[in-house]
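Input: a single structure, listed below in structure tokens.
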Amino acid sequence: MNKNHKYYPLIKWVVIILVIVFIMDQCFKSNKKQSDLEANDPKAKIEKHFSNYDGSYTKFRNYIKDNLNDPSSFEHVETRYTDNKDGTVNVIMKYRGKNPFGGIITKYAKCTLNTSTGDFSDVVTE
């Protein structure tokens, strides 16, 4: 019985290493599955840029909010998109915020999302 005790530290390290290798393997498989899913499902490639919470395109929402007269008054109403089938998406966001006189107004902001980079361009507010 005393002989077995000298192998316990070695066995413990082998088990720890095996657990770490297993966890890392699962993480990489998950990333590969996500990449495969995006390659086979264009909708998934688009929707990864949108918030699961309120459906907004996060980078664009933050850009619009930061450029308001009163950023703390920003309220996202809805976001919609149209796939251009060329790696870009037209995004239309409806939002509310205070104008310079303190009144709450509803406006629309539009942009073009590059689904590969996650960046946007061609911003128009109405």
Side-chain angles (χ1 to χ4, degrees):
M1 185 105 156
N2 212 2
K3 273 184 168 179
N4 291 339
H5 286 295
K6 77 177 188 179
Y7 293 112
Y8 283 152
L10 178 63
I11 291 171
K12 181 174 83 173
W13 283 107
V14 168
V15 169
I16 290 172
I17 290 171
L18 287 174
V19 168
I20 291 171
V21 168
F22 175 77
I23 291 171
M24 290 176 61
D25 181 56
Q26 294 303 311
C27 289
F28 289 120
K29 281 183 184 176
S30 175
N31 289 340
K32 187 176 187 309
K33 285 179 187 176
Q34 181 66 25
S35 296
D36 291 345
L37 177 66
E38 288 174 8
N40 296 327
D41 183 9
K43 189 174 180 179
K45 188 174 184 178
I46 294 168
E47 291 187 351
K48 73 177 184 179
H49 300 286
F50 292 84
S51 166
N52 291 329
Y53 173 68
D54 64 1
S56 66
Y57 169 34
T58 311
K59 281 185 181 181
F60 186 51
R61 180 193 68 218
N62 291 340
Y63 172 81
I64 295 298
K65 180 179 178 178
D66 291 344
N67 287 289
L68 289 179
N69 293 318
D70 180 3
S72 66
S73 71
F74 176 86
E75 177 190 350
H76 174 262
V77 177
E78 71 176 340
T79 297
R80 297 180 183 203
Y81 69 85
T82 306
D83 187 357
N84 296 326
K85 308 287 187 208
D86 64 355
T88 63
V89 175
N90 292 330
V91 179
I92 300 174
M93 180 178 65
K94 182 178 180 180
Y95 64 97
R96 290 188 191 95
K98 288 185 180 177
N99 65 14
F101 305 106
I104 302 291
I105 57 172
T106 300
K107 294 184 81 175
Y108 290 89
K110 301 175 186 177
C111 74
T112 302
L113 161 64
N114 180 325
T115 58
S116 298
T117 64
D119 295 328
F120 61 90
S121 61
D122 306 325
V123 177
V124 177
T125 57
E126 301 174 352

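Count residues from 1 along the sequence. Only a predicted model underlies this, so the values are computations on that prediction, with no experimental measurement involved.
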If the test is side chain to side chain contact (heavy atoms under 4.5 Å, CB included), which one of L113, T112, V91 qualifies with D122?
T112
Sole residue of D119, V123, I64 in side chain to side chain contact (heavy atoms under 4.5 Å, CB included) with C111:
V123
What is the minimum heavy-atom distance between [X] and [Y], and which atoms define it?
| X | Y | value |
| --- | --- | --- |
| K59 | T117 | NZ-O, 4.2 Å |
| K48 | T115 | CE-O, 4.5 Å |
| I46 | F50 | O-CD1, 3.4 Å |
| A109 | T125 | CB-CG2, 4.0 Å |

Apply side-chain contact (heavy atoms from CB on, under 4.5 Å) to the pair F120 and N114, showing each step before the final yes or no.
CA-CA 6 Å; F120 61 90; N114 180 325; over 6 Å; no
Side chains of N69 and N99: donor-acceptor distance under 3.5 Å anywhere?
no
Is there a donor-acceptor pair closer than 3.5 Å between any side-chain N or O of N84 and the backbone N or O of D86?
no
S73 (side chain) donor-acceptor with K98 (main chain) under 3.5 angstrom
yes
Quick one: do R61 and D54 make a salt bridge, cutoff under 4.0 Å?
yes
Are [X] and [Y] close enough that some pair of their side-chain heavy atoms sits under 4.5 Å apart?
| X | Y | answer |
| --- | --- | --- |
| T82 | V89 | no |
| E78 | R80 | yes |
| T58 | H49 | no |
| E75 | Y95 | no |

To the closest 0.5 Å, what do you measure between OG1 (T79) and OH (Y108)?
11.5 Å
Rounding to 0.5 Å, atoms CG (D83) and OG1 (T88) come to a distance of 7.5 Å
With under 30° as parallel and over 60° as perpendicular, where do the rings of F60 and Y63 fit, or are they tilted in between?
parallel
Do S51 and H76 pass the side-chain contact (heavy atoms from CB on, under 4.5 Å) test, and can you show the C-alpha distance, the side-chain angles, and the key distance before you say yes or no?
CA-CA 11 Å; S51 166; H76 174 262; over 6 Å; no
As a quick check of understanding, evaluate side-chain contact (heavy atoms from CB on, under 4.5 Å) for R96 and V77, giving each step before the final call.
CA-CA 7 Å; R96 290 188 191 95; V77 177; 3.4 Å; yes
Contacts of K110 that satisfy side-chain hydrogen bond (donor to acceptor under 3.5 Å, both in side chains) - sequence neighbours left out:
E126
Close aromatic pair by centroid cut-off 6.0 Å: Y81 and Y57
no
